[in-house]
Peer 1: 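Following this message is one structure expressed as structure tokens.
A, B, ... follow the sequence lines: proteins, then strands. Residue 1 opens every chain.
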Amino acid sequence: MARVVVDVMLKPEILDPQGQAVANALPRLGVTGVTSVRIGRRIELEFTEPPEPETVRQLADRLLANPVIEDYTVSFVSDEEPAGEPA
Amino acid sequence: MARVVVDVMLKPEILDPQGQAVANALPRLGVTGVTSVRIGRRIELEFTEPPEPETVRQLADRLLANPVIEDYTVSFVSDEEPAGEPA
Amino acid sequence: MRIGVVTFPGSLDDVDAARAVRLAGGEAVSLWHADDQLYGVDAIILPGGFSYGDYLRCGAIARFAPVMESVMAAAAAGAPVLGICNGFQVLCEAHLLPGALTRNQHLHFRARDQRLQVETNRTAWTMGYTPGQEIVIPLKSGEGRYVADTATLDELERSGRVVARYVDDNPNGSMRDIAAICNEAGNVVGMMPHPEHAVDPLTGPSTDGLTVFTSVLKHLAGVAA
Amino acid sequence: MSVELEPQGIEWDHLDTVARAAETPHQQQPYEELGLREDEYERIREVLGRRPTESELAMYSIMWSEHCSYKSSKVHLSKFQDLAPSSDRLLAGIGENAGVVKITDELAVTFKVESHNHPSFIEPYQGAATGVGGIVRDILAMGARPVAVMDPLRVGAADHPDTARVLTGVVAGIGGYGNALGLPNIGGEVVFDPCYQGNPLVNALCLGVLPVDRLQNKAATGPGNLVVLMGALTGRDGIGGVSVLASAGFDQEAAIQRPSVQVGDPFMEKLLIEACLELYEAGLVVGVQDLGGAGLTCALSETAAAAGTGMEIALERVPLREPSMAPHEILASESQERMLLIVAPEHLEAVLAVAEKWGVPATAIGTVTDTGILRVTWHGHAVAELPPSSLADDGPVYARPIREPADLPLLQADRAETLPRPTTGEQLRETVLRLAASPNLCDRTWITEQFDRYVRGNTVAAMPENAGVIRLDERTRVGVALSVDGNSRYTRLDPYTGAQLALAEAYRNVAVSGAVPVAVTNCLNFGSPEDPHVMWQFAEAVRGLAEGCAQLGIPVTGGNVSFYNATGPVAINPTPIVGVLGVLEDVATRIPMGFSHPGDVIILVGETREELSGSEWAWVTHGHLGGSPPAVDLAAEQRLATLIRAARDLDLLRSAHDLSEGGLAQALVEACLRHGYGATVALPEDAPGGPFGFLFSESAGRALVSVPLGREKAFAAQCEEHQVPWTPLGVVAGADAPLTVTGQFEIDLAELRTAWSSTLPKLFDQLTARPE
Ligand SMILES: Nc1ncnc2c1ncn2[C@@H]1O[C@H](COP(=O)(O)OP(=O)(O)O)[C@@H](O)[C@H]1O
Ligand SMILES: [Mg+2]
């Protein structure tokens, strides 16, 4: 088992209407001091065994991300370490 | 400037048709050995100064995620890491 | 009877809901998302559309609109509240109804004339139907797949709170073919298909939807009497 | 919400100002890279009496591009006006953002079709979405509430792998934007052809409604009035996008150095619509113009030029998404969802309040002046100072060389009438099924199910009916019918006739719906204007359309030209898309297309000739394109239209369906499957081309009608009176009864439906994996 996470975000210069709508809503929840919100996709893949980095890159390029408007980063997560402290 | 990333994923028991569609498309791209694909949301927030963890947790709980169907993790990113905002 | 129709930024079928109320013989009162009161309306409709662009999650942002405070209070006090499509999503996000509405299983927005079975007339919005009655009204949504955990689903079934189900084929993968549900009291109903688009033979596939609006007027008359 | 940000890291001494331009006349400038010819660059220097600044060069390069200046098409398009039949209905015509047609003394509609072809190949979803957004703002700028959209589409071969990427993306984008905007989609077209493989056509039509007295115009009148930019923040979206892409030879390589893709925000556009309508109602704007291709540059110069005024614009007041943007980038940005308003100073506060109410950013960025000069400053430094008309009106005009394609005589000599044809009943049966299942004739539901047709509650007819029908007034039930059509195989064989056939089909679709056709819009999609053969096709198509409209007595009210459409080195088939608008005094009298009552008498009206060249049959069964397209007889089309309305008024019609691609066979298939009734018909003994010719010929000017049993004699009398030939065919059979052609074949309705409806799902269903 190997876990791969592909994070896909709109390129910085591309309009992110979602992020904007959320940013505009924050004050109503009493949250201030937020200068930018960007919303992308997190894609978690489980492989039977660790894949070739190149395979994953190609996958991201051709299917998971839309290189015309999106950037992505690939991270190979070892099963121990969690992606962030769970809430 | 402080950056916070909230990763939101559908709960394991909730069907993820998008992830399934991607999984089904993989063989056509010659990618095998994938046992699961889950697609969630990655939300990057920029704060003027580091927010209270509790503030962010509440924000995630009330707005960014829907606890009825989604789990989330919060991570506080150090400024060095590559940013996703206008260069 | 005065029925309020809320307009959020991005609401689209608000004009249609208001028209349906008028055709049913009621008075439609338009409510603005920023209002802090309900101007004494007897019932409230959260219409279809793409409030706040459906960004983040459908209904997630609208749920925090100022007017929702009053709507939640009115719902708790027993006022009839109907959420249609996006309105249903708002009601779930606001936890006035259990469960959630997620991306259609086939991943496409789907607009079609949908056959439904009305399961119960013990709600303010369906009392004019006979249980088991089949109706055809438009469905048009990309995130109409109702999901909830098994306990919740069983409870909905047990307490007769599944208001309508899809018949023939399930258009979006909704659990237990659920098209509409209500709260315990039966005054709050969420419905994915659009009854307000089946009120005039000229523009709809049927007039089956009109009963939703005559029902609430009848209900209110009963309450008043 | 006016954010004024001092640009970070702008080196002021690198800013190209008007003063500097005067001091450095000989500085080299990249005019060629920007698509300007040397003589065009020289003309700019003449106009200015100096070299242009960096900003001015950018402004001229966009405004003088093919897309914005119509420099190659102008000399031909003038025919639309020269030959225009007089119409007392026309409140605004060619030259405005969209034509406006009076329907009643109180109500008018405006409609227009536009292209977004090249962006839709690079990024199908966003390309199509912003295409819808763009045409909607044109309609909004006339003072109308947008009430419906249509989408004529052309994509590559159905079985080509890249077609799935393009079609699924385009359809999702049109739905994603139109649905979220609350506009019903009431019709369109999808045509598959290899000629569009590297260059799909995404045309979008929008219909709007306005009270006659709310008509807006774009003129920036009244020196002292304020120039207000309302809508989305300005970013680097598609800088030079539309104009460059739609004006230069376009291919895969061009896609590499693409401008940053424009992303649509339908939510913002919805707010923009409501805000604008509220401003119009309150009479708060003097002039209004949408921002589309060429962004601010186009809006500023056109509004000032239209009024013969000047402007003083402080560019740093434009709210930016990307603070580091340079002046020329702000002027060229094609960020979506923006409108330019001309506002009297005393109304500014009220205008900003309305914008605020709807949550739309709005900022005064300058004032109207009487100088006749458009002066643009950036933090006090003048970066542009030019006569607005030199951008908007006085661009270059070319009479490009024209030459009939050398291969045309050969192509026309290769007639489909000579191809081997099915003879036995069994072969005819197979052919009917094969055509019904073919990508261009099969069921469109897989696509149209992704579009909302109900929102706003005035849709009386939509897909798959002959035309979309929209109710304009709930009390009087007055409404309009709209159809868009085009057949690029016909146009390839004969552009003049092909354009008239497109007009005839749209006219017929509207007429058989029971409406009176009154106005025309069009989108002319062609190859490179620098190719004399393409230019000949263009000239012929325009001539055909203009003369056809003159003969039918319905004016062209507006449209759009898209050149440089090619797959690799090969131009697309010339593709004029024609939209016809008709009026229905009472939308309840619209005529449906499908059989609905067993026993009704089925009659074919119009004359059938043996016309198979360019037909769907020749294409599907032989991959053949040659010969001459069906003949056009516009007088006959008019007689057919009058007959249909007369018969309708006498309650002689239960249904009417126009014949087009696939001929009688396909019309029968569609009329049967619409409501699930079979039919039993017999073909006339003396049919030209025999049973086969009668079933598959694509002769124009025909319709398939069903008449209540007992009324057929009265109907025949009407045909006599209106001099339209008619052929009784048979009767409507029962629910789910087969389609029977006596003595030839029988097809079970379930088998027919399966063949007709499984094609698109099979092709595209599982191929939509990319997450959105
Ligand atoms: N892309 C589309 N969007 C909306 N409606 C469409 C689209 N493509 C086809 N349709 C509809 O499907 C029906 C059949 O299309 P078509 O065969 O071109 O009709 P016709 O040949 O009578 O013009 C028409 O009602 C048309 O409007
Ligand atoms: Mg057609």
Side-chain angles (χ1 to χ4, degrees), chain A residues 1-16 18-19 21-23 25-26 28-52 54-65 70-73 82-87, chain B residues 1-10 16 18-19 21-23 25-26 28-53 55-65 67 71-77 81-87:
Chain A
M1 280 299 261
R3 182 123 155 293
V4 177
V5 175
V6 180
D7 287 318
V8 181
M9 301 297 292
L10 283 167
K11 292 191 162 123
E13 72 273 15
I14 299 279
L15 169 70
D16 176 5
Q18 279 215 85
V22 171
L26 294 181
R28 246 182 294 123
L29 280 80
V31 178
T32 55
V34 176
T35 55
S36 134
V37 180
R38 306 279 293 174
I39 301 184
R41 285 191 306 283
R42 173 185 173 88
I43 302 159
E44 300 180 349
L45 303 112
E46 303 271 353
F47 288 78
T48 43
E49 61 249 21
E52 289 302 317
E54 180 52 22
T55 313
V56 180
R57 213 193 47 67
Q58 283 212 10
L59 184 59
D61 253 338
R62 294 172 56 199
L63 181 65
L64 304 181
E70 296 172 324
D71 295 329
Y72 62 87
T73 61
E85 61 270 16
Chain B
M1 283 296 256
R3 135 179 306 242
V4 177
V5 175
V6 179
D7 287 316
V8 181
M9 301 300 290
L10 281 169
D16 171 11
Q18 260 197 314
V22 169
L26 294 181
R28 254 185 286 119
L29 297 174
V31 179
T32 54
V34 175
T35 55
S36 128
V37 180
R38 306 282 293 174
I39 299 180
R41 225 177 294 110
R42 173 183 172 88
I43 305 165
E44 299 180 350
L45 305 112
E46 299 273 350
F47 289 78
T48 43
E49 61 248 23
E52 290 301 319
T55 314
V56 180
R57 214 193 48 68
Q58 280 215 11
L59 181 60
D61 232 19
R62 296 179 59 210
L63 178 67
L64 302 182
D71 298 327
Y72 63 87
T73 60
V74 176
S75 20
F76 295 80
V77 186
E81 279 184 50
E85 93 276 21

Peer 1: With a 4.5 angstrom heavy-atom cut-off, is it the side chain or the backbone of A:Thr55 that approaches chain B, or both, or neither?
Peer 2: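 For A:Thr55, side-chain heavy atoms alone lie under 4.5 Å from chain B.
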Peer 1: Answer yes or no: does atom CD of A:Glu54 have more than 12 heavy-atom neighbours from other residues, nucleotides or ligands under 6.0 Å?
Peer 2: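 Check passes, neighbour count above 12.
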Peer 1: B:Met1 vs A:Thr35, test: side chain to side chain contact (heavy atoms under 4.5 Å, CB included). Steps then yes/no.
Peer 2: CA-CA 9 Å; B:Met1 283 296 256; A:Thr35 55; 4.0 Å; yes
Peer 1: What part of A:Leu59 gets within 4.5 angstrom of chain B, counting heavy atoms only: side chain, backbone, both, or neither?
Peer 2: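 Contact with chain B: side chain only.
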Peer 1: For A:Val31, is it the side chain, the backbone, both or neither that has a heavy atom under 4.5 Å from a heavy atom of chain B?
Peer 2: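 Looking at A:Val31, just its side chain touches chain B.
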Peer 1: Identify which of B:Gly30, B:Gly40, B:Pro51, B:Pro53 forms the greatest number of heavy-atom pairs closer than 4.5 Å to chain A.
Peer 2: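 Ranked by contacts with chain A, first place is B:Gly40.
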Peer 1: Output all residues satisfying salt bridge (charged side-chain N to carboxylate O under 4.0 Å, His left out) with B:Glu49, sequence neighbours left out; order by chain, then residue number.
Peer 2: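 B:Glu49 satisfies salt bridge (charged side-chain N to carboxylate O under 4.0 Å, His left out) with no other residue.
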Peer 1: So if I apply the side-chain contact (heavy atoms from CB on, under 4.5 Å) rule between A:Val22 and each of B:Ile43, B:Leu64, B:Leu45, which one comes out positive?
Peer 2: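 Only one of B:Ile43, B:Leu64, B:Leu45 forms a side-chain contact (heavy atoms from CB on, under 4.5 Å) with A:Val22, namely B:Leu64.
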Peer 1: So which heavy atom on A:Leu29 is nearest to which on B:Arg62, and how close?
Peer 2: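 Between these two residues, the closest heavy atoms are O-NH1, 4.2 Å.
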Peer 1: By side chain to side chain donor-acceptor pair (under 3.5 Å), which residues pair with B:Arg38, not counting sequence neighbours?
Peer 2: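 Listed in chain order: nothing, the list is empty.
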Peer 1: Between A:Val56, A:Asp16, A:Asp71, A:Val34, which shows the greatest number of heavy-atom pairs under 4.5 Å with chain B?
Peer 2: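 Sorted descending by pairs with chain B, the first entry is A:Val34.
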